[in-house]
There are 2 protein chains.
Amino acid sequence: MPAIKDVAQRAGVSVATVSRVLNQHPSVRADTRERVLAAVADLGYRPNAVARSLRTDQTRALGLVISDVLNPFFTELARSVEDAARDLGYSVVIGNADERPELQDHHVRTLMDRRIDGLLISPTDGGSPMMLDAARTGTPMVFVDRWIEDESLASVPVVRTDGRDAIRDLVAHLHALGHRRLAIIAGPAATTTGRERVDAFRAALREFGLTLDDGHIGQGDFQADSGRRVTARFLDLPRPPDAIFAADNLMALGAMDEIRARGLRVPGDIALAAFDDIPWFVHTDPPITAIAQPTGELGHAAVRALVDLVEGRPAESVTLSARLVTRRSCGEPEGSKP
Amino acid sequence: MPAIKDVAQRAGVSVATVSRVLNQHPSVRADTRERVLAAVADLGYRPNAVARSLRTDQTRALGLVISDVLNPFFTELARSVEDAARDLGYSVVIGNADERPELQDHHVRTLMDRRIDGLLISPTDGGSPMMLDAARTGTPMVFVDRWIEDESLASVPVVRTDGRDAIRDLVAHLHALGHRRLAIIAGPAATTTGRERVDAFRAALREFGLTLDDGHIGQGDFQADSGRRVTARFLDLPRPPDAIFAADNLMALGAMDEIRARGLRVPGDIALAAFDDIPWFVHTDPPITAIAQPTGELGHAAVRALVDLVEGRPAESVTLSARLVTRRSCGEPEGSKP
DNA sequence: ATCCTCCGTGTAATCGATTCCACGAGGAGG
DNA sequence: CCTCCTCGTGGAATCGATTACACGGAGGAT
């Protein structure tokens, strides 16, 4: 693999001149430029990004640590992040934390070791040591989707979706269809989205004169299995809920598994709704009512904020809003009753 | 961010000694080692991977270029690749080609510029310039899932799934349920998996005395939209097929969309099956019969082969086999008829 | 006592780029 | 004709690690 000195030699110039040509520095005579470019083409030379990074102290790479790649919400997020970053001339290195704090820490550490220019992170837990460290040492950092409530992290911008209104709409929808005993499969209490969705759900219930039983809050971990387990607990109750709201799409999948395994039917026996909409919800039996986040915009906004930080501009937090997409899993839509 | 010389200074030794401690070189006196380790801890020093890579000419990073992150098959693959790589002490940098050759090329180029140690690639097309270049210049490289049939790439190991038998099983299943006019939504002809699945399908049909009409082969591109389009064409035929086999799960999703949009029913009006199984297929209406690849093993085997290459050992191609998972989208299972 | 070995450590070259500074040539202005 | 700029270019320092080689001291062999 040819290095810059090979190009210099072949073009009969110094490495400095080659470097200037490569970085479109103006003070190179046109014919010299030609010669250098010709040598570059002949040798198939490509600058070594590792060496360049060492010298310039920037890698033009961003780190993205997400909680679970297998969750369609996060893969869509990852995709939009990569798109936005590429447009701005950055690469993205993805780390999958699998909802495990120690894995999250591993990835943050590896990314920092590789000296990525900035970190986009959707924390799995209450804040791992490496992450606090990264924030403290001034690594540009942006939280996406979830964030950490810690005063030492107060300056880290948060790009997220506020599901409050959509959740209220969902509760209204359920209420209108006659459901009164509503339950929620919550995310981990350590995550902000975990808590927030429960809070919003509880507040909305209150608005409709309902209360959220302690027995109707199940602790999940955003994985399908936990949705199954919690749903089993709900269904074993003497008076089971008549509607279940899963705080993410994987737990909704688990819930469906369990409901189906017991020979019950959605929405006849029990209604089901989920946070996060995915293409498959159209084709499930029945199609699932869900709260959709503007995932693409979320990714773009997050990258914009992070790159602002990286390039020395101030960055702001962004809050987008989610919307309810009603389908048939909570009962027949209002207008369509016979 | 402290560098090795800061550690050296604080411990009162030279940078060489610090480096030796960090790389567990044996010839360091125990008490010196202690002092160095203490300094490392005090400063929170972490070695700069960029500098290390420049010097050692290895990054301990692997590149993975996949055709489409949004396809659950590939995200599962990516996840298993990352798992396997991490176990062996490597990081994975993912590039999403989005089934677009020019994007694939962009990622290969970027990864090569960053001097990744090896490249895992699932090519979208017949072989882009950068890829041929990479192979020619001796970059360790392994094809996964798909590959390129080019003599200059003959030495690149291929880790893949052979779906031949499973496709035969599928055709047998369809035949047993009375379907005779079978159609296939194929992948791009430029991809090996695209062609291979059609070939296997055609061969299996012949075995059952059926033929594959030209009108019953639709050219898709592994994306949902193309599944929709091709299905529309099938259904507009004067004598539409009575069973459709989609060569991947996204095109199956598109096919379902189209079938549903026309008010037709699966499997009553038309049977549907897909290559690649995903968790949601259990919950669609109806549950979809699919051919499942051992995705986890695929990823692990691919990483093993690539790391062998990277570390100077010979690597071998691996072919795993897929299996048919019958559900209800082709008709009621044999045993369960009344 | 002398010489050799080995052990632990330091000095300095090196990887491949970027960039500051210096330098020579040529043109403009006095 | 001399001085001063400007322009284009080259030399060399630098980023942060690794590692070949050198070196001084301790201990063993003779």
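Only a predicted model underlies this, so the values are computations on that prediction, with no experimental measurement involved. In the text below, chain A, chain B and the rest are named by the order of the sequence lines, each starting its count at 1.
Other residues, nucleotides and ligands contribute at most 12 non-hydrogen atoms within 6.0 Å of the CG atom of B:D57. Crowding of A:Q58 atom CD: a count of heavy atoms from other residues, nucleotides or ligands under 6.0 Å exceeding 12.
Summarising the geometry, the separation between CG on A:N23 and P on C:dT19 is reported as 7 Å, rounded to the nearest angstrom. As rounded to whole Å, 16 Å separates atom C1' of C:dT14 from atom CD1 of A:I4. As a whole-Å value, the separation of A:R114 CZ from D:dG16 C1' is 16 Å. With rounding to whole Å, B:D6 atom CG is found 10 Å from D:dG16 atom C1'. Summarising the geometry, the separation between CG on B:D31 and P on C:dC7 is reported as 17 Å, rounded to the nearest angstrom. At whole-Å resolution of the value, CD in B:E34 and P in C:dT9 are 12 Å apart. Note: NE2 (B:H25) to P (C:dG8) measures 10 Å, nearest angstrom. Taking atom NZ of B:K5 as the reference point, atom P of C:dT11 lies 15 Å away to the nearest angstrom.
Distance alone, capped at 3.5 Å, is enough to place a donor-acceptor pair between the B:D6 side chain and the B:A3 backbone. A donor-acceptor pair under 3.5 Å is formed between the side chain of B:D117 and the backbone N or O of B:R60.
Terminal axes of the helix from C:dA1-D:dT30 to C:dG30-D:dC1 (five pairs each, C1' rotation axis) are separated by 60°, to the nearest 10°.
Less than 4.0 Å separates DNA chain C from at least one heavy atom of each of the following residues of residues 35-60 of chain B: B:L54, B:R55. A heavy-atom distance below 4.0 Å to DNA chain C is reached by these residues of residues 13-21 of chain B, ordered by number: B:V13, B:S14, B:A16, B:T17, B:R20.
A:N96 contributes atom CG, which lies 11.0 Å from atom CD of A:Q104 (distance to the nearest 0.5 angstrom).
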May I have the step-by-step check of side chain to side chain contact (heavy atoms under 4.5 Å, CB included) for A:T32 and A:V21, ending in yes or no? CA-CA 9 Å; A:T32 319; A:V21 170; 5.8 Å; no
Give the C-alpha distance, both sets of side-chain angles, the deciding distance and a yes or no for side-chain hydrogen bond (donor to acceptor under 3.5 Å, both in side chains) between B:R114 and A:S91. CA-CA 10 Å; B:R114 294 190 189 278; A:S91 304; 2.9 Å; yes
A:V303 vs A:Y90, test: side chain to side chain contact (heavy atoms under 4.5 Å, CB included). Steps then yes/no. CA-CA 10 Å; A:V303 169; A:Y90 287 82; over 6 Å; no
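Electrostatic pairing of B:E99 and B:R146 counts as a salt bridge here, judged by a charged N lying under 4.0 Å from a carboxylate O. A salt bridge links A:R79 and A:D83; the closest N-O separation between the charged side-chain nitrogens and carboxylate oxygens is under 4.0 Å. Look at A:R52 and B:D113 and you find no salt bridge, because none of the NZ, NE, NH1 or NH2 atoms lies under 4.0 Å from a carboxylate O.
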